[in-house]
Undergrad: 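Sharing a structure with you now.
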Amino acid sequence: AVVSTQSTGEKEKQLKEETEEAKLSSFEDLVPPEPDSNTPSSDLTFKLPSGERINRKFVHSTQLKVVAYFIGSKGYPPASFKLVQNFPKRQFDEDEMHLTLEDLGLTRREILYVEERD
(Lines give C-alpha, C1' and ligand atoms only; values in the text may rest on other atoms or scores of the structure.)
Protein backbone atom coordinates (compact mmCIF):
# COMPACT_ATOMS: atom_id res chain seq x y z
CA ALA A 1 0.00 0.00 0.00
CA VAL A 2 1.21 3.49 -0.84
CA VAL A 3 0.96 5.92 2.03
CA SER A 4 0.62 9.58 1.12
CA THR A 5 2.78 11.94 3.14
CA GLN A 6 0.69 14.98 2.19
CA SER A 7 -1.70 16.39 4.73
CA THR A 8 -5.29 17.11 3.72
CA GLY A 9 -4.47 20.84 3.71
CA GLU A 10 -1.50 20.30 1.38
CA LYS A 11 -3.63 18.17 -0.95
CA GLU A 12 -6.35 20.85 -1.06
CA LYS A 13 -3.76 23.56 -1.75
CA GLN A 14 -2.21 21.49 -4.57
CA LEU A 15 -5.63 20.76 -6.06
CA LYS A 16 -6.54 24.47 -5.92
CA GLU A 17 -3.24 25.41 -7.66
CA GLU A 18 -3.83 22.77 -10.36
CA THR A 19 -7.39 24.04 -10.85
CA GLU A 20 -6.10 27.64 -11.20
CA GLU A 21 -3.47 26.52 -13.74
CA ALA A 22 -6.15 24.64 -15.70
CA LYS A 23 -8.35 27.77 -15.77
CA LEU A 24 -5.46 29.91 -17.02
CA SER A 25 -4.57 27.44 -19.75
CA SER A 26 -8.22 27.09 -20.80
CA PHE A 27 -8.36 30.89 -21.24
CA GLU A 28 -5.11 30.69 -23.27
CA ASP A 29 -6.71 28.07 -25.53
CA LEU A 30 -9.45 30.59 -26.44
CA VAL A 31 -7.01 33.31 -27.56
CA PRO A 32 -5.71 33.18 -31.15
CA PRO A 33 -2.03 33.85 -31.87
CA GLU A 34 -0.91 37.45 -32.15
CA PRO A 35 -1.25 38.80 -35.72
CA ASP A 36 1.86 39.49 -37.78
CA SER A 37 3.02 43.03 -38.51
CA ASN A 38 1.34 43.03 -41.97
CA THR A 39 -2.15 42.48 -40.54
CA PRO A 40 -4.18 45.55 -39.51
CA SER A 41 -4.48 45.24 -35.77
CA SER A 42 -5.28 46.98 -32.50
CA ASP A 43 -2.27 47.51 -30.27
CA LEU A 44 -3.61 47.20 -26.73
CA THR A 45 -1.75 47.98 -23.53
CA PHE A 46 -3.32 46.57 -20.39
CA LYS A 47 -2.59 48.19 -17.04
CA LEU A 48 -3.08 45.50 -14.43
CA PRO A 49 -4.08 46.03 -10.78
CA SER A 50 -0.52 44.97 -9.83
CA GLY A 51 0.85 47.98 -11.75
CA GLU A 52 2.28 45.72 -14.46
CA ARG A 53 1.67 46.57 -18.11
CA ILE A 54 1.11 43.99 -20.84
CA ASN A 55 1.09 44.79 -24.57
CA ARG A 56 -0.76 42.62 -27.07
CA LYS A 57 -1.97 43.00 -30.65
CA PHE A 58 -5.36 41.70 -31.82
CA VAL A 59 -6.91 41.78 -35.29
CA HIS A 60 -9.75 44.32 -35.58
CA SER A 61 -12.35 41.56 -35.95
CA THR A 62 -11.51 40.12 -32.50
CA GLN A 63 -14.49 40.04 -30.15
CA LEU A 64 -14.05 41.82 -26.82
CA LYS A 65 -14.68 38.52 -25.00
CA VAL A 66 -11.46 37.15 -26.55
CA VAL A 67 -9.59 40.14 -25.11
CA ALA A 68 -11.19 39.29 -21.74
CA TYR A 69 -10.00 35.67 -22.13
CA PHE A 70 -6.47 36.97 -22.77
CA ILE A 71 -6.62 38.93 -19.50
CA GLY A 72 -8.05 35.80 -17.85
CA SER A 73 -5.00 33.84 -19.04
CA LYS A 74 -2.85 36.35 -17.10
CA GLY A 75 -4.66 35.62 -13.85
CA TYR A 76 -7.47 38.18 -14.06
CA PRO A 77 -10.64 36.17 -14.84
CA PRO A 78 -13.51 38.07 -16.52
CA ALA A 79 -15.88 37.13 -13.68
CA SER A 80 -13.72 39.09 -11.21
CA PHE A 81 -12.23 41.86 -13.35
CA LYS A 82 -13.50 44.42 -15.85
CA LEU A 83 -11.93 46.39 -18.70
CA VAL A 84 -12.05 50.18 -18.49
CA GLN A 85 -10.92 52.84 -20.94
CA ASN A 86 -9.79 56.12 -19.36
CA PHE A 87 -10.24 58.49 -22.29
CA PRO A 88 -13.00 58.71 -23.14
CA LYS A 89 -14.04 57.26 -19.77
CA ARG A 90 -15.83 53.99 -20.50
CA GLN A 91 -16.40 50.65 -18.83
CA PHE A 92 -16.99 47.67 -21.09
CA ASP A 93 -20.00 45.63 -19.99
CA GLU A 94 -21.16 42.05 -20.49
CA ASP A 95 -23.53 43.07 -23.30
CA GLU A 96 -20.56 44.40 -25.32
CA MET A 97 -18.48 41.20 -25.13
CA HIS A 98 -19.76 39.95 -28.52
CA LEU A 99 -18.73 43.19 -30.26
CA THR A 100 -15.46 43.41 -32.19
CA LEU A 101 -12.64 45.81 -31.43
CA GLU A 102 -13.59 47.59 -34.65
CA ASP A 103 -17.24 47.89 -33.51
CA LEU A 104 -15.99 49.46 -30.27
CA GLY A 105 -13.63 51.88 -32.00
CA LEU A 106 -10.53 50.22 -30.52
CA THR A 107 -8.54 50.05 -33.75
CA ARG A 108 -5.37 51.93 -32.88
CA ARG A 109 -3.07 52.00 -29.90
CA GLU A 110 -5.24 51.89 -26.78
CA ILE A 111 -4.70 51.63 -23.04
CA LEU A 112 -7.21 49.51 -21.14
CA TYR A 113 -7.26 49.28 -17.37
CA VAL A 114 -8.01 45.96 -15.72
CA GLU A 115 -9.97 46.71 -12.54
CA GLU A 116 -11.51 44.53 -9.90
CA ARG A 117 -15.29 44.26 -10.11
CA ASP A 118 -17.22 45.78 -7.18
Side-chain angles (χ1 to χ4, degrees):
V2 176
V3 178
S4 175
T5 57
Q6 282 187 314
S7 70
T8 303
E10 288 173 329
K11 285 181 187 172
E12 286 175 2
K13 183 180 178 194
Q14 183 180 353
L15 186 61
K16 186 175 181 183
E17 286 172 2
E18 289 171 1
T19 302
E20 287 302 311
E21 285 176 23
K23 282 183 190 171
L24 294 181
S25 66
S26 68
F27 281 126
E28 284 174 13
D29 293 343
L30 297 169
V31 180
E34 208 163 352
D36 64 33
S37 58
N38 298 326
T39 305
S41 59
S42 303
D43 185 0
L44 304 181
T45 298
F46 302 95
K47 289 188 84 174
L48 305 178
S50 65
E52 182 185 358
R53 288 174 173 237
I54 297 176
N55 277 53
R56 177 66 154 75
K57 288 182 176 16
F58 295 90
V59 295
H60 294 157
S61 60
T62 302
Q63 289 182 315
L64 189 60
K65 67 182 173 187
V66 174
V67 175
Y69 298 152
F70 171 74
I71 293 302
S73 75
K74 302 302 177 190
Y76 299 93
S80 304
F81 292 88
K82 60 188 175 188
L83 293 171
V84 177
Q85 186 178 27
N86 235 8
F87 188 80
K89 187 71 172 171
R90 174 182 189 185
Q91 176 181 318
F92 297 99
D93 297 312
E94 286 296 314
D95 60 347
E96 295 176 293
M97 289 295 151
H98 70 284
L99 297 174
T100 67
L101 295 176
E102 191 167 27
D103 293 338
L104 295 164
L106 301 174
T107 55
R108 295 191 183 97
R109 185 177 292 249
E110 305 286 346
I111 296 175
L112 297 177
Y113 294 81
V114 178
E115 297 179 355
E116 234 173 310
R117 291 190 182 276
D118 298 329

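Quick caveat: nothing in here was measured; it's all calculated off a predicted structure. Worth knowing before you read on, the calculation uses all heavy atoms, side chains too, and leaves out hydrogens, waters and symmetry mates.
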Undergrad: Enumerate the ring-ring contact (aromatic ring centres under 6.0 Å, His included) contacts for residues 28-52, please, sequence neighbours excluded, ordered by first and then second residue.
TA: Phe46-Phe70
Undergrad: Just so I know, are the side chains of Leu48 and Val114 near enough to count as touching, which here means a heavy-atom distance under 4.5 Å?
TA: yes
Undergrad: Decide whether Leu101 and Leu99 are clustered together by the hydrophobic rule: side chain heavy atoms of Ile, Leu, Val, Met, Phe, Trp, Tyr closer than 4.5 Å, transitively.
TA: yes
Undergrad: Sequence neighbours left out, what pairs pass salt bridge (Lys or Arg N to Asp or Glu O under 4.0 Å) with at least one residue falling in residues 40-53?
TA: Asp43-Lys57, Asp43-Arg109
Undergrad: May I ask you to test the Lys89-Val84 pair for a side-chain heavy-atom distance under 4.5 Å?
TA: yes
Undergrad: Is there a chain of hydrophobic side chains (I, L, V, M, F, W, Y, each step under 4.5 Å between heavy atoms) that links Ile71 to Tyr113?
TA: no
Undergrad: Does Met97 reach the side chain of Gln63, with side-chain heavy atoms less than 4.5 Å apart?
TA: no
Undergrad: Sequence neighbours left out, what passes ring pair (Phe, Tyr, Trp, His ring centres under 6.0 Å) with Phe92? Give chain and number order.
TA: none
Undergrad: Give the minimum heavy-atom separation between Leu30 and Pro32, together with the two atoms involved.
TA: O-CD, 3.7 Å
Undergrad: Can you confirm whether Pro77 sits close enough to Tyr69 that some side-chain heavy atom of one is under 4.5 Å from a side-chain heavy atom of the other?
TA: no
Undergrad: Looking at residues at least two apart in the chain, or sitting in another chain, which of them share a side chain to side chain donor-acceptor pair (under 3.5 Å) with Glu96?
TA: none
Undergrad: Taking all atoms of both residues into account, what is the closest heavy-atom pair of Pro33 and Arg56, and its distance?
TA: C-NH2, 3.8 Å
Undergrad: Please list, chain by chain and in numerical order, all residues satisfying salt bridge (charged side-chain N to carboxylate O under 4.0 Å, His left out) with Arg117, sequence neighbours excluded.
TA: Glu94
Undergrad: Looking at Thr107, is its backbone amide N or carbonyl O close enough to the side chain of His60 to form a donor-acceptor pair, meaning the two atoms are under 3.5 Å apart?
TA: yes
Undergrad: Check whether any side-chain heavy atom of Ile54 sits under 4.5 Å from a side-chain heavy atom of Thr45, and report yes or no.
TA: no
Undergrad: Between the side chains of Thr100 and Asp103, is a donor N or O closer than 3.5 angstrom to an acceptor N or O?
TA: yes
Undergrad: Compare all side-chain heavy atoms of Phe27 with those of Pro78 and state whether any distance is below 4.5 angstrom.
TA: yes
Undergrad: Using the side-chain contact (heavy atoms from CB on, under 4.5 Å) definition, which of the options Leu106, Asp93, Val67 pairs with Leu83?
TA: Val67
Undergrad: Check for a donor-acceptor pair, side chain of Gln85 on one end and backbone N or O of Arg90 on the other, with a separation under 3.5 Å.
TA: no
Undergrad: Quick one: do Thr39 and Asp36 satisfy side-chain hydrogen bond (donor to acceptor under 3.5 Å, both in side chains)? Show the steps, please.
TA: CA-CA 6 Å; Thr39 305; Asp36 64 33; 2.9 Å; yes
Undergrad: Is there a side-chain contact between Thr62 and Ser42, using heavy atoms and a 4.5 Å cut-off?
TA: no
Undergrad: Please determine whether side chain to side chain contact (heavy atoms under 4.5 Å, CB included) holds for the pair Leu44 and Leu112, giving the CA-CA distance in whole Å, both sets of side-chain angles, and the decisive distance to 0.1 Å.
TA: CA-CA 7 Å; Leu44 304 181; Leu112 297 177; 4.2 Å; yes
Undergrad: Asp95: which residues meet the side chain to side chain donor-acceptor pair (under 3.5 Å) condition with it, sequence neighbours left out?
TA: none
Undergrad: If you measure from CG on Asn86 to CD1 on Ile111, what distance do you get to the nearest 0.5 Å?
TA: 8.5 Å
Undergrad: So do the side chains of Pro49 and Tyr76 get within less than 4.5 Å of each other, counting heavy atoms only?
TA: yes
